[in-house]
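In what follows, a single structure is set out as structure tokens and then discussed.
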Amino acid sequence: MANKPRAGAVRKSKKGATTGTGGHGRKALQGKGPTPKAEDRPYHKAHKQKNAAERQAAKNSGRAAGGSTGRGAAGRSNKPSEEMVTGRNSVLEALRAGVPAKSLYVAVRIETDDRVREALKLAADQGIGLLEVHKPELDRMTGDAIHQGLALQIPPYDYPDAVDLMQETLAKWKKGHIRNAPLFVALDGITDPRNLGAIIRSASAFSGHGVLVPERRSVGMTASAWKTSAGAAVRVPVAKAGNLNRTLEAAKKQGIFVLGLDGDGDVSLPDLESATEPVCLVVGSEGKGLSRLTRQTCDQIVSIPIDSAMESLNASMAVGISLYEISRRRSGRS
């Protein structure tokens, strides 16, 4: 029996020598280089951590490039975020208060009680979507908060621009579409959403046309603010001011009197003469009061006469008292 030719050997035939199969798979035998680092392997945990760190770094750099005005700054996202109200009591209180909600998330196989049953009924009555999810997914959505199987998704508040709101209100007043002179409340350094909710409630009670909040370092329309306003936030718009002092300067140019509330004011509230004119009432945080620049921007600083034993009033209480006095003067009541 003839021996088989070895690989790579030259075989002879009648047609001449031909190349054997040796070396045809040489490329397949070549190495693929060094093993990639863990962070460069798409399915490795280190790769996901690296991508997350890069996204966070990009987000932080975008905030840093946003500038001080917060309007149209390059690299900054203006997309507002949604809020999740968690826990059976909190969700039920929000639904009872009529807080605008997008969806009610309910854990699969939730142990129902009276709170859960009422929350489901209120959500159905208010046309809020009901979504059933597994507990791990609900944990992820709420950031591992204590949700007790219920979470209410609150859509971001649609803030009008403060300057546009004032211009539109003035135009309506001059055309006779609204009876009372424009009345606004601007917040300077207030960060408690309950204060915002109470101020919105007072503005609604005394014919206010809007509440102005700075875009940065200020309270916004959270679920807590909605609840405290007791539904008044539906009637009184909350507008964003890119820069509070520039917004107040714009108000003055439009003929709106900017009045700051402070303990050592130029005039006492009962002696206020400009109450019947278009007014923007500015209130600072309890303790700190008005900032220096805001104080300088105001046309007049107004103080509320109080007992000397009391150092200051809560911001929402001071606004309520001031709005009542302005309303009283405008109506001609003694």
Side-chain angles (χ1 to χ4, degrees), residues 55-56 59-60 62-63 66 70 76-107 110 115-116 118-162 187 189-201 203-204 210-242 285 315-316:
R55 286 195 298 269
Q56 185 62 42
K59 187 184 296 184
N60 292 339
R63 287 173 183 165
R76 178 174 179 177
S77 174
N78 292 322
K79 184 179 179 180
S81 59
E82 296 185 336
E83 182 184 1
M84 297 294 288
V85 178
T86 60
R88 299 188 180 190
N89 288 333
S90 298
V91 167
L92 185 55
E93 287 176 10
L95 290 169
R96 285 174 176 171
V99 175
K102 186 176 180 180
S103 302
L104 175 62
Y105 290 91
V106 185
I110 186 174
R115 294 171 297 175
V116 173
E118 185 178 353
L120 293 173
K121 183 179 183 304
L122 288 172
D125 292 344
Q126 296 172 24
I128 299 170
L130 297 174
L131 298 173
E132 194 175 31
V133 294
H134 291 279
K135 184 180 181 298
E137 177 64 11
L138 198 54
D139 291 339
R140 185 195 64 78
M141 294 172 59
T142 60
D144 292 321
I146 301 175
H147 51 71
Q148 299 173 302
L150 284 184
L152 190 65
Q153 187 178 27
I154 310 298
Y157 185 82
D158 187 15
Y159 297 93
D161 180 76
L187 311 188
I190 292 179
T191 57
D192 188 346
R194 292 169 297 181
N195 262 334
L196 172 59
I199 288 170
I200 295 171
R201 193 171 181 178
S204 176
V211 176
L212 318 181
V213 296
E215 190 168 354
R216 300 180 64 191
R217 294 185 292 275
S218 175
V219 66
M221 277 305 295
T222 64
S224 179
W226 272 105
K227 286 189 289 184
T228 311
S229 76
V234 176
R235 300 182 294 274
V236 179
V238 178
K240 274 283 178 75
S285 61
S316 59

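On a predicted model such as this, the values are computed, not experimentally measured, just so you know.
Here the straight-line distance linking atom CZ of Arg201 with atom CZ of Arg235 works out to 9.5 Å at 0.5 Å rounding. Put simply, OG1 on Thr86 and CE on Met141 are 11.5 Å apart, with the number rounded to the nearest 0.5 Å. The NZ atom of Lys240 sits 12.0 Å away from the CG atom of Leu212 when rounded to the nearest 0.5 Å.
Checked options Asp192, Asn195, Leu196; the residue passing with Ser316 is Asn195 (criterion: side chain to side chain contact (heavy atoms under 4.5 Å, CB included)). Val106 pairs in a side chain to side chain contact (heavy atoms under 4.5 Å, CB included) with only one of the listed residues (Leu120, Leu138, Val133, Leu131), which is Leu120.
When all heavy atoms of Val213 and Tyr159 are compared, the closest pair comes out as CG2-CE2, 4.5 Å. Pairing each heavy atom of Ala123 with each of Leu130, the nearest pair is CB-CD2, 3.7 Å. Ile128 and Ala101 make their closest contact through CD1-CB, 3.7 Å (heavy atoms, listed as atom of the first residue, atom of the second, distance). Here the closest non-hydrogen pair linking Pro160 and Pro237 is CG-CB, 4.4 Å. Closest of all the heavy-atom pairs between Ile190 and Ala315 is CD1-CB, 3.7 Å. Closest heavy-atom contact between Ala151 and Met84: CB-CE, 3.8 Å.
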Kindly determine whether Leu92 and Leu150 satisfy side chain to side chain contact (heavy atoms under 4.5 Å, CB included), including the steps that lead there. CA-CA 9 Å; Leu92 185 55; Leu150 284 184; over 6 Å; no
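In this structure, Tyr105 has no ring-ring contact (aromatic ring centres under 6.0 Å, His included) partners at least two apart in sequence or on a different chain.
Checking side-chain atoms of Gln148 against main-chain N and O of Arg88 turns up a donor-acceptor pair under 3.5 Å.
Around the CZ atom of Arg194, the shell of radius 6.0 Å holds no more than 12 heavy atoms that belong to other residues, nucleotides or ligands. In this structure, Asp158 places its CG atom where only 12 or fewer heavy-atom neighbours from other residues, nucleotides or ligands lie under 6.0 Å away.
Under a 4.0 Å N-O distance rule, the pair Lys121/Glu118 does not qualify as a salt bridge.
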Identify each donor-acceptor pair in which a side-chain atom of residues 219-228 lies under 3.5 Å from a protein atom, sequence neighbours left out, and give them as a table.
unit_1, atom_1, unit_2, atom_2, d
Thr222, OG1, Ser224, N, 3.4
Thr222, OG1, Ala225, N, 3.3
Thr228, OG1, Ser224, O, 2.8

